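Chain naming here is simple, since letters A, B, ... match the order of the sequence lines and numbering starts at 1 in each. In this text the structure is predicted, and so the values were computed from the model without any measurement.
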Protein chains: 2
Amino acid sequence: MPRTTMEDVAREAGVSRALVSLAYRNAFGVSEATRRHILEVGERLGYVHNRVAAQLATRGSSALGVFLQDLHNDLFAGLYDGIREVAEEHGRELVLAIGSRDEDRDAASLTTLQGTRVAAIVAAGLRLPDAEALTHSARTPLVAVARRIPGVDSAYSDNLVGARLATEHLLALGHRDVVFFANPPADGYRDRGRGYEAAMAGAGLRPRTVVTSYAREEVAAEAARLFDAVDPPTAVFAHNDQAALGVLDLLHARGLTPGADVSVVGYDNSSISSAPGTALTTIDLHGRDLGRAGARMAIARTSDPDAAPALEVSDPTLVVRRTTGPPPR
Amino acid sequence: MPRTTMEDVAREAGVSRALVSLAYRNAFGVSEATRRHILEVGERLGYVHNRVAAQLATRGSSALGVFLQDLHNDLFAGLYDGIREVAEEHGRELVLAIGSRDEDRDAASLTTLQGTRVAAIVAAGLRLPDAEALTHSARTPLVAVARRIPGVDSAYSDNLVGARLATEHLLALGHRDVVFFANPPADGYRDRGRGYEAAMAGAGLRPRTVVTSYAREEVAAEAARLFDAVDPPTAVFAHNDQAALGVLDLLHARGLTPGADVSVVGYDNSSISSAPGTALTTIDLHGRDLGRAGARMAIARTSDPDAAPALEVSDPTLVVRRTTGPPPR
DNA sequence: TTGTACGCGTTATCAC
DNA sequence: GTGATAACGCGTACAA
């Protein structure tokens, strides 16, 4: 049984297909009575406006593609909120793609979005190398959110500043041995490490970096190795809250109290970090605002494809909770 | 500057459009050399396969639509993981729609998905009334995940069992005054309240229900009213972890210790609940498995549209952590 | 491998 | 101003 088509509605309503089309889009040139009649017939026949055909006819849509790295990370929910708000304000539809564990598939996600002929793509947390991202942006306008990609519109938070804020907070408390739990090295995500190193160097201290993954369990395992070694640090700065949680897991398993025995700082100010029992000191990068900025840039780009790449940088802020305190003596 | 089309690639490669089409779909009937040549030309011209046109030509795709109620709730990330796994195993694309604050828009999300002519929709956490959901399922096959909708394929966890488990856990610890923080009343989400009431009645106790929202802050405000009243309870069972977190927020603000002064049980076993400092006792409904089941049902439905509505029920399990303990004496 | 008739709306161009 | 006609967008499928 074939689907109900616009032709069916037109025939049943005794009008032309063109008129049905206009009626369904609230366009001018249809008398109110006819419009109501057409929609009523459509409803009765169970017709659903076919966006696929519509898009083909209009050669691409005004919709925005959205890429989100990871649904398990609350940060991306905040970014999405911001993107959606702006999209709604401008009457833009959203088409989503979610990243996978393995980052190779980020490229496939972008290609899929491009295949749906969205007007532009807002990508939050893309792990693709700069060069590849640039290639993609040549086909469909791309806006990098929460990351800076040279030559591509970017709305990001200054990670150098944030990492510095976190590290200096620990140093001000009196810590001397602060270890940084870094994300896997990738284009666009090195500034947190740099900010940390700069802050440590500024205090005349030797930086110590442990490279981990994004998975809480693996971070905990890495932390176990660190704290079972001969020279455990008194403080840890983790590249994001998820990782910080892995560190907290380990501390708890060892019977160590965060904020007293060991200080921990995260990054992102995701909702976990504000749970009263966790009370993780962290860096807030104001995800919703970043999302809004990214969406705005994407929309601007669709009306001016040839403008120079735009940049919007914001400064993150330190949120002090209870996982940081002076080192034990 | 018009986009590169398949025709352009065909002309440049010196072959027919049909052959280009075959080459891009890895179909049979194209010599390896030709295929490579075609793809190479396409790459050079910056051609991206147009899924919109492709879908129209094939009258709808085999893609699955996915509706997720709320990205801020970790549960839906787990459900999505399960859905994606199965979709990948079957080579199905996924098209996403995310719910809004106001539930009226759930219907709009479904209509949008139907407009993209997906083969079926897997809806996790739909807040639509049963009747409306049924109407939608008549147009495009619908699978309800984490909720039972009569007459619609449903993969759900037995909330009666879960709520009973939670309440009886508290009763076994010796609590007599257990308050239930209920979600706003809606079709498909009443069983947790029923399970709670059944367990209370079974122990000869009077149930007390407070209706709240899904927002952590509002729950905290509601909890404040409850604990500032003359007869605060010794235990709270919240309809989900987010709400439980709101209760924990309030307890912390009042200087009360969860598990000692007041016991709290959540629902969902989302990742917040397992943070070491939070250690929320909760009910695990095994989201990933539910997602897998839902996706499987959706795929089965596409090959047998007229089979009777399928049902898959699973039993949730209690996860005891540290927010529950005997009542203070 | 190719020619070509679809699929299903949209958008001029016209007629009343 | 209302409504109809027909060409068009871009792949896919099937016969040749």
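Within a 6.0 Å sphere centred on CD of A/Glu32, other residues, nucleotides and ligands contribute more than 12 heavy atoms.
Nearest approach of A/Arg148 to A/Tyr156, heavy atoms of both residues: CD-OH, 3.3 Å. Nearest heavy atom pair, residue A/Leu19 against residue A/Ile38, reads O-CD1, 4.0 Å.
Partners of B/Arg92 by side-chain hydrogen bond (donor to acceptor under 3.5 Å, both in side chains), not counting sequence neighbours, listed by chain and number: B/Thr302. In this structure, the ring-ring contact (aromatic ring centres under 6.0 Å, His included) partners of B/Tyr214, at least two apart in sequence or on a different chain, are B/His239. Applying the salt bridge (charged side-chain N to carboxylate O under 4.0 Å, His left out) rule to B/Arg44 yields the partners B/Glu12, B/Glu40; only residues at least two apart in sequence or on another chain are considered. Checked against ring-ring contact (aromatic ring centres under 6.0 Å, His included), B/Tyr47 has the following partners two or more places apart in sequence or in another chain: B/Tyr24.
Salt bridge B/Glu89/B/Arg292: present, at least one basic N to carboxylate O contact under 4.0 Å. Ion pairing of A/Arg147 with A/Asp130 is present here, as a side-chain N (NZ or NE/NH1/NH2) and a carboxylate O approach within less than 4.0 Å. Note on B/Arg11 versus B/Asp8: salt bridge recorded, some NZ/NE/NH1/NH2 to OD/OE distance being below 4.0 Å.
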Can you give the donor-acceptor pairs under 3.5 Å from side chains of residues 133-143 of chain B to other protein atoms, not counting sequence neighbours?
| residue | atom | partner | partner atom | Å |
| --- | --- | --- | --- | --- |
| B/Thr135 | OG1 | B/Ala131 | O | 3.1 |
| B/Ser137 | OG | B/Leu134 | O | 2.8 |
| B/Thr140 | OG1 | A/Arg3 | NH2 | 2.8 |

For residues 303-310 of chain B, dump all side-chain donor-acceptor pairs below 3.5 Å to protein atoms at least two apart in sequence or in another chain.
| residue | atom | partner | partner atom | Å |
| --- | --- | --- | --- | --- |
| B/Ser303 | OG | B/Ala300 | O | 2.9 |
| B/Asp304 | OD1 | B/Ala307 | N | 3.4 |

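Distance A/Leu56 CG to D/dT12 C1': 12 Å, rounded to the nearest Å. Protein atom CE of A/Met6 is 15 Å distant from nucleotide atom C1' of D/dA4, rounded to whole Å. Rounded to whole angstrom, the span from the CG atom of A/Asn26 across to the C1' atom of C/dT10 amounts to 16 Å. A/Asp8 places its CG atom 9 Å from the P atom of C/dC8, with the value rounded to the nearest Å. Rounded to an integer number of Å, the gap from A/Phe28 CZ to C/dT10 P is 16 Å. One interatomic measurement links the two molecules: CD of A/Glu7 to C1' of C/dT10, which rounds to 14 Å at whole-angstrom precision. Atom CG of B/Leu19 and atom C1' of D/dG11 are 14 Å apart (whole Å). The nearest whole Å value for the distance from the CZ atom in B/Arg3 to the C1' atom in D/dG9 is 14 Å.
Of all the residues in residues 45-53 of chain B, B/Ala53 reach under 4.0 Å from DNA chain C with at least one non-hydrogen atom. DNA chain D is contacted by no residue of residues 30-44 of chain B, taking any non-hydrogen atom closer than 4.0 Å.
When atom types are taken as modelled, the side chain of B/Arg127 and the backbone of B/Ala186 share no donor-acceptor pair closer than 3.5 angstrom.
Considering A/Arg36, A/Arg35, A/Glu43 in turn, A/Arg35 is the only one that fulfils the side chain to side chain contact (heavy atoms under 4.5 Å, CB included) rule with A/Leu39.
Among the atoms of the strands shown, only primed sugar atoms or phosphate atoms (P, OP1, OP2) are found under 4.0 Å from some heavy atom of A/Thr5. Across all strands, B/Val15 comes closer than 4.0 Å only to sugar-phosphate atoms, never to a base (heavy-atom distances).
Comparing B/Ala54 and B/Gly29 along DNA chain C, the residue whose closest nucleotide (by nearest heavy atom) sits nearer the 5' end is B/Gly29.
Taking side-chain N and O atoms only, A/Arg59 has no distance below 4.0 Å to OP1 or OP2 of D/dC8.
Considering only heavy atoms from C-beta on, B/Arg51 stays 4.5 Å or farther from A/Val52 through its side chain. For the pair B/Leu110 and B/Ile121, the minimum side-chain heavy-atom distance is below 4.5 Å.
End-to-end axis angle of the helix from C/dT1-D/dA16 to C/dC16-D/dG1, from C1' rotation axes over five pairs per end: 30° (rounded to 10 degrees).
For residues 66-82 of chain B, the set of pairs meeting the salt bridge (Lys or Arg N to Asp or Glu O under 4.0 Å) definition, not counting sequence neighbours, comprises A/Arg101-B/Asp81.
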Set out, line by line, the N/O atom pairs under 3.5 Å between protein and nucleotides 14-16 of chain C.
none

Nucleotide N/O of nucleotides 13-16 of chain D paired with protein N/O under 3.5 Å:
| residue | atom | partner | partner atom | Å |
| --- | --- | --- | --- | --- |
| D/dA13 | OP2 | B/Arg25 | NH1 | 2.7 |

